[in-house]
Amino acid sequence: MAFSTMPNLQGWLPWFSSTHRSLLDVFNLAFILVYLVGLLSVALNGENISRNRSKNWVFLVVSVCCAVTSIVYFTAGFLQSLVIYFVRGLIWIALAVSLNIQPGRSLEIIVSLCIRLNFRQHEYEDKESESLTQSLLINKKENKVELKKAGIFSRLAFSWLNPLLKVGKCKPLSLSDIPSLDSEDEALLAYHKFAKEWEFQKKNNSRSKNLVLFALAKCYLKEMLLVGLYALLKTISTSSSPVLLYTFVNYSYREDDDLARGLSLVACLILTRVVDSLSQRHWFFDSRRCGMRMRSALMAAIFQKQFRLSSLGRRNHSAGEIVNYIAVDAYRLGEFLWWFHMAWSLPIQLFCSVVILFSAVGSGALLGLVPLVICGALNVPFAKILQGYQSKFMVAQDERLRATSAVLNNMKIIKLQSWEEHFRKVIESLRGIEFKWLTETQEKKTFGTALYWMSPTIVSAVVFAGTTFMGSAPLDAVTIFTVLASLRVMAEPVRMLPEVLSVLIQVKVSLDRIEVFLQEDEVKEDVVKRYPLMKSELSIKIENGVFSWEPNSSIPTLKNVNLDFRRGEKISVCGAVGSGKSSLLSAVLGEMPKISGSVDIYGSVAYVSQSSWIQSGTIRDNILYGKPMNKPRYEMAIRACALEKDIENFDHGDMTEIGQRGLNMSGGQKQRIQLARAVYNDADIYLLDDPFSAVDAHTGAILFHDCVMSALQEKTVILVTHQVEFLAETDRILVMDNGSVMQSGSYMEILKSGTTFEQLVHAHQSSMTAVDSVKKQEFGDQFESSVHQPLKQSSESEITAPSSIQITEDEETEIGDVGWKPYKDYLQVSRGYIHFIFVILSQSAFFVFQILSTYWLAVTVQMTHIGGGLVVGVYAAMSIVSCIFVCSRSWISARLGLKASKEFFSAFMDSVFKAPMLFFDSTPVGRILTRASSDMSILDYDIPFCIAFVIAGAVEIIGIILIMSTVTWQVLLVAIPVTMFMVYVQRYYLASARELVRINGTTKAPVVNYVGETILGVVTIKAFAMTERFIQTNLQLIDTDATLFFHTIAAMEWVLIRVEALQNLTILTSALFLVLLPQGTIAPGFVGLALSYALTLSSAQVFMTRWYSGLENYIISVERIKQFMHIEPEPPAVISDRRPLPSWPSQGSIDFQDLKVKYRPTAPYVLKGITCRIVAGNKVGVVGRTGSGKTTLIGALFRLLEPAAGRILIDGLDICSIGLKDLRMKLSIIPQEPTLFRGTVRSNMDPLGLHSDQDIWEALEKCQLKATISSIPSGLDSSVNDDGENWSAGQRQLFCLGRVLLRKNKILVLDEATASIDSATDAVLQRIIRQEFSSCTVVTIAHRVPTVTDSDMVMVLSYGKLVEYEKPSVLMERSDSYFAKLVAEYWSNSKRDYSGDF
């Protein structure tokens, strides 16, 4: 009956749905009962049960038909988990047996009637199948895993998965089709269990190591014991196969007809096969299910630990390392339990096989133990060597991923500076170290694999030789094939134990790394004491505070801090770069280690960081920040933070998606969004760390007056700022210098009492004097009056990435069966076709010689004239030849894998480094990192051995069936349809499994992305008390990922239990024929030969199916990496026939000719026809509202964006006609966001190593950093953490200035370069730039108007258009000048603060 007529019916007695079918089943059961009663009566009467020895072909044909029909029913029973199909299968097999075993003539009529009725039954079933299938469509299922509701048979056969696989067969699965996990499998419960045990283990002083391992063991002890029971049953059933073979071969030597004994042997065979299959499948599934819970628990624990890490802990573990703990180390736990139980069950299996071996050949087995002991002894040093290599590989992988993460996060600055080649070499050198240890690991594994494939063959030859020499047992079929079966059972543990040890070593290394992280230093809970808002007027109180980023340092970062802030007070904090302003806020937040003193906070806190932290998501999500929508407050926050015009300009409004790290927003937008987030939060205390640094003067004034002074009027605000012009309006000013609060009081009090603040004010006033003098000279009273008009306008809309489309693209995945394409890609990229062919040939030759050696034994045992020495000698020779081939197969497989790893990584990194900036703007970093970490790890370790094992399994299965068919050709009658069914079942499974793995590939990246994103915003998250929300979101992401893993492993066991059942039918058929055929038809030697291979058929099939399914899933990593190997590249770095002269540009003139720029072909123009000429040597200021297109113009100059129309000429040369490296190396830039890389001061100042230490010191002196760095003992070798976290934002900006001072190019671009430094330092820098770049063309984008008032020309942009380009003095003469209005706004804001002060 076709599969279409086998619906997945509800309940356990589905035949009650059809009266006719029910009657037929009842009649059939009655007939078989009568037949069994007849057999029993004959046996009780002492009569012999005879076999039908007639040669009537009708009986033979009908028997075969009955057997095939029973196979179909058994298959349906396994596929659908229906008892009725098992019953019908038994009926049909009983009919087949009854044709050969005849208790009496009286039953013949009953048997014939049974056959006719059963064939008639098929007609009725076919007619009813359609209506039954239709009725199934009515049943609607909840989208929840059905495992809990499943019955015993459904659980045993994994049929609770049928609905999902049915959907997967009809259409490609999507995430919404996957049922969610039961609560017992969710990460929340797993974490709570682990956290409880972890705390207990930490408090238990008797143990200092392996705390994570013991905590997990205590959490999941019951599950581990149950899985251990399954493993024990599997071990017993596997170990019993040599005994079964012994009894079968011994039975073939019988002299009388003892059919009952033969059938009992077949029954035992069925029992052991069923126990073996069910125990193994549930061992594998439950171990991985438990491993998934362990994995989820550790992923959640690592994520939550990062919120408690102290500053020292964060320095010890970079963002890339923490991501690696989750993406690599915790992920290994998914398979851990399976390998753990292998570690003890395999030695038991080995012991049992040795016992059976001794019982079969006696003392002759002693010699065989010698090579066995040698192989076992080699495990210990081999395991230690592998552990060492694995540890070194993991360290090297961490370093490579850390560097890769830093490069990807800072790709914009790398492209601007043309450092791609350098950083690619850095990553490739780190990969080289990683690849060295990978090669060592894989090659040692190759020798190990070869050794343990050879060992059973060597041991068997030695055992036979010892038996012959000692004469402890006759070399007959019973002895030989019992020994071979025992050695096959022995082969698995001997071959697998090194792999088990290797995996357990990897897990141990990973657990140790996680343990070190979980035990890392944490922020002390008593650093800051938080109290609810009380009637008291106090908000923050710090007494005798001494704080230090380095707890063991003799010089604290902050010292003698005694402050109290009243409710509703506005406090501004100012001081020079590195004076400790941001550190003071960190101390208030509890992020800086407290040496002594106390910090008390009354009420809730909102924090705005200096480097804006924005989440991936929509603008609305970032502002609401997990709080429910309150429309009036939301609109107030947007209005107070000058975001109205920006949101109106976006096609998607506040639902516009923000890319990772806010990549499609300008610096000003990001700052205002996070400020709006703080305002909407409605906290009691606001800590604002230089929030106006990234916006222009006009927008800064709006934010200060509308946001800080109005929207937050009743709140306590501590404002760190370099904008001196706002200080007079605050209630109190703190002036910091060298980690101490030097002055505290009102504006006038401080100005009169000290020099530190006076210096800051004078520096700002001197910069204003230039503006003021120009205004007075040019405009007089008219200008004076105009600047006092109300100027609080909405800031101009941002012009960044196109708003008509969402910037972050959905991850691309293949759909459906892509056939052989990924395999072709794998072999093509690695150029491994020859390796692949040799792997197939070597494996085939190995198995051919294995078959020949056993065939030789089967033939010679019948020939008494051939001596034992010759038998053993020829067998040993053929075995040694087979070993040579398996050695070559292992080595070639490893070389193929290493070659593929090298080629794929090289092509992947080449493509990523050559990708245009738009690719990084639209692709989350986590998506790229997932391919560089877990996908590349699969390529390194899993795929090469998967390919070898699939080939080995396929060759073995084909060989076994051929051997069985040469002994009993009738097996082919079952083997062929069974093979067809298996192909169907595997295709049915793969349709869903392939999509499950693909979706799983996209669910892991969000976990990694979210962790990486959260690490960067830990301080902000904790300040807003949003830790719990982020933890919950992370748990949901973990559960989504675990759901896919759960269904992937369940689907694997679903297919394995079915293909194993089908192959067991082949084994059963072979065994039945060997029992039922007349005595003497088959020689005992060939009985042993057929059964010794037949007993390994199902395990070989499982082995092949598992590795093939794994390979199908792993090969998706090839698809994913290949997607990023063909990114459309940016223009070439060097065009050899169009290279400019080494002296270019000799002058530095820049011509913009009708320049139009868009981010995508379908997006609107961002720059709309810019035409102007910058004369060589001129200082040009570029101004405009926040987001007017200033930064985009610089992007076009550096060709981060290619012009859609128009041209840019430098010294008359079209920049689009030369290579990118030739262009960018001749331009210098101080970027909008200062970027430092992990390393030293020297490597950050001069990444390419082109300058001497003296040059570097000179540059540091000019950019005001020499004194700071000289005070550090290590000088130029002083460490720089990831992203320069151990340096202030202002110092990072100064480093960027130092870089351009070293390069000394003719054209310099300053993109908001002075936004994070105070006015005094700004004035010094402007003087340095004027001196050092006096003959250079300098293009400056700045929010502070004094920065550009002394420029030769000013370029004013608005909405992507050039509205003014003229000398500043000329523009100031025109009252309607856009630039004059900007100057007036800035001057009015500053003038208001200083009127009457001097």
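Worth saying up front: this structure is predicted, and the values here are computed from it rather than measured. Numbers here are sequence positions counted from 1.
A donor-acceptor distance shorter than 3.5 angstrom exists from the side chain of His422 to the backbone of Pro1247, with no hydrogens or angles considered. Judged by distance alone, with hydrogens and angles left aside, the side-chain atoms of Arg1199 form a donor-acceptor pair with the main-chain N or O of Ile1215 at under 3.5 Å. In this structure, Ser1143 contributes its side chain and Ser1146 its backbone to no donor-acceptor pair below 3.5 Å. With Ser906 contributing its side chain and Glu903 its backbone, the two residues share no donor-acceptor pair below 3.5 Å. At distances below 3.5 Å, not a single donor-acceptor pair connects side-chain atoms of Lys914 with backbone N or O atoms of Val912. Judged by distance alone, the side chain of Arg931 and the main-chain N or O of Arg1120 form a donor-acceptor pair under 3.5 Å. Between the side chain of Gln674 and the backbone N or O of Ser609, at least one donor-acceptor pair lies under 3.5 Å. Between the side chain of Asn1305 and the backbone N or O of Met1225, at least one donor-acceptor pair lies under 3.5 Å. Side-chain atoms of Ser405 do not come within 3.5 Å of backbone N or O of Leu401 as any donor-acceptor pair. With hydrogens and angles ignored, the 3.5 Å screen pairs no side-chain donor or acceptor of Asn324 with any backbone N or O of Val328.
The closest side-chain heavy-atom distance from Val1338 to Leu1310 is below 4.5 Å. Contact annotation: the side chain of Leu898 approaches that of Leu438 to within less than 4.5 Å [non-hydrogen atoms, C-beta and beyond]. A heavy-atom distance below 4.5 Å is not found between the side chains of Lys1179 and Thr1340. Looking only at side-chain heavy atoms (C-beta outward), Trp437 and Val395 stay at 4.5 Å or farther from each other. Using a 4.5 Å heavy-atom cutoff, the side chains of Lys1226 and Ile1210 are not in contact. With contacts defined as side-chain heavy-atom distances shorter than 4.5 Å, the pair Asp690/Lys581 does not qualify. Looking only at side-chain heavy atoms (C-beta outward), Leu1201 and Met917 stay at 4.5 Å or farther from each other. With a 4.5 Å cut-off on side-chain heavy atoms, Gln615 and Tyr1010 count as touching.
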Derivation of the side chain to side chain donor-acceptor pair (under 3.5 Å) call for Gln417 and Arg1299: CA-CA 10 Å; Gln417 304 279 10; Arg1299 287 173 185 159; over 6 Å; no
Ile1218 and Ile1135: CA distance, side-chain angles, deciding distance, side chain to side chain contact (heavy atoms under 4.5 Å, CB included) verdict: CA-CA 6 Å; Ile1218 62 174; Ile1135 303 174; 5.7 Å; no
Side chain to side chain donor-acceptor pair (under 3.5 Å) between Ser616 and Glu1013, worked out: CA-CA 8 Å; Ser616 300; Glu1013 193 174 67; 2.7 Å; yes
Check against side chain to side chain donor-acceptor pair (under 3.5 Å), Asp940 and Ser901: CA-CA 6 Å; Asp940 287 342; Ser901 291; 2.8 Å; yes
Stepwise side chain to side chain contact (heavy atoms under 4.5 Å, CB included) test for Leu309 and Ile322: CA-CA 11 Å; Leu309 274 184; Ile322 296 172; 4.3 Å; yes
Audit row: Leu1227, Ile1229, side chain to side chain contact (heavy atoms under 4.5 Å, CB included) steps and yes/no: CA-CA 7 Å; Leu1227 304 177; Ile1229 184 169; over 6 Å; no
Check against side chain to side chain contact (heavy atoms under 4.5 Å, CB included), Glu591 and Arg314: CA-CA 11 Å; Glu591 294 299 320; Arg314 276 201 282 272; 2.6 Å; yes
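Distance CZ/Phe1295 to OG1/Thr1235: 13.0 Å, rounded to 0.5 Å. Interatomic distance, CD of Glu428 versus NZ of Lys902, reported as 10.0 Å (0.5 Å rounding). Note: Ile1256 CD1 to Leu1301 CG = 12.5 Å, rounded to the nearest 0.5 Å. Rounded to the nearest 0.5 Å, atoms CZ (Phe1237) and CG (Asn409) are 10.0 Å apart. Taken to the nearest 0.5 Å, the CG atom of Asp1222 stands 12.0 Å off from the CZ atom of Arg1138. Taken from CG in Leu1016 to CH2 in Trp613, the straight-line distance is 8.5 Å, to the nearest 0.5 Å.
A salt bridge links Arg1224 and Glu1130; the closest N-O separation between the charged side-chain nitrogens and carboxylate oxygens is under 4.0 Å. Between Asp1151 and Arg1207 there is no salt bridge, since no side-chain N of the basic residue sits under 4.0 Å from a carboxylate O of the acidic one. Taking the charged nitrogens against the carboxylate oxygens, Lys1221 and Glu421 do have a contact shorter than 4.0 Å, which makes a salt bridge. Classification of Lys1306 and Asp1211 as a salt-bridged pair fails, no side-chain N sitting under 4.0 Å from a carboxylate O.
Ring pair Phe517/Tyr325 is tilted by interplanar angle, where 30° to 60° counts as tilted.
Geometric assessment of Arg431 against the ring of Phe905 yields a positive cation-pi assignment under the 6.0 Å and 45° thresholds.
Minimum heavy-atom separation, Ile1208 to Ala1196: CD1-O, 3.5 Å. Taking every heavy atom of both residues into account, Ser310 and Asp521 meet most closely at OG-OD2, 2.7 Å. In terms of heavy atoms, Ile1127 sits closest to Pro916 at CG2-CD, 4.4 Å. Heavy atoms only, all atoms of each residue included: Glu434 and Ala396 are closest at CA-CB, 3.6 Å. Residue Leu1193 comes nearest to Met1355 through the heavy atom pair CD2-SD, 3.6 Å, listed as atom of the first residue, atom of the second, then distance. Among all heavy-atom pairs drawn from Ser1149 and Thr1337, the shortest one is N-OG1, 4.4 Å.
For Ile555, the CD1 atom is loosely surrounded, since the number of other residues' heavy atoms within 6.0 Å does not exceed 12.
Note: Phe919 and Phe1124 meet the aromatic proximity criterion, with ring centroids under 6.0 Å apart.
Looking at Ser1274 and Ser1278, their side chains do bring a donor and an acceptor atom within 3.5 Å of each other.
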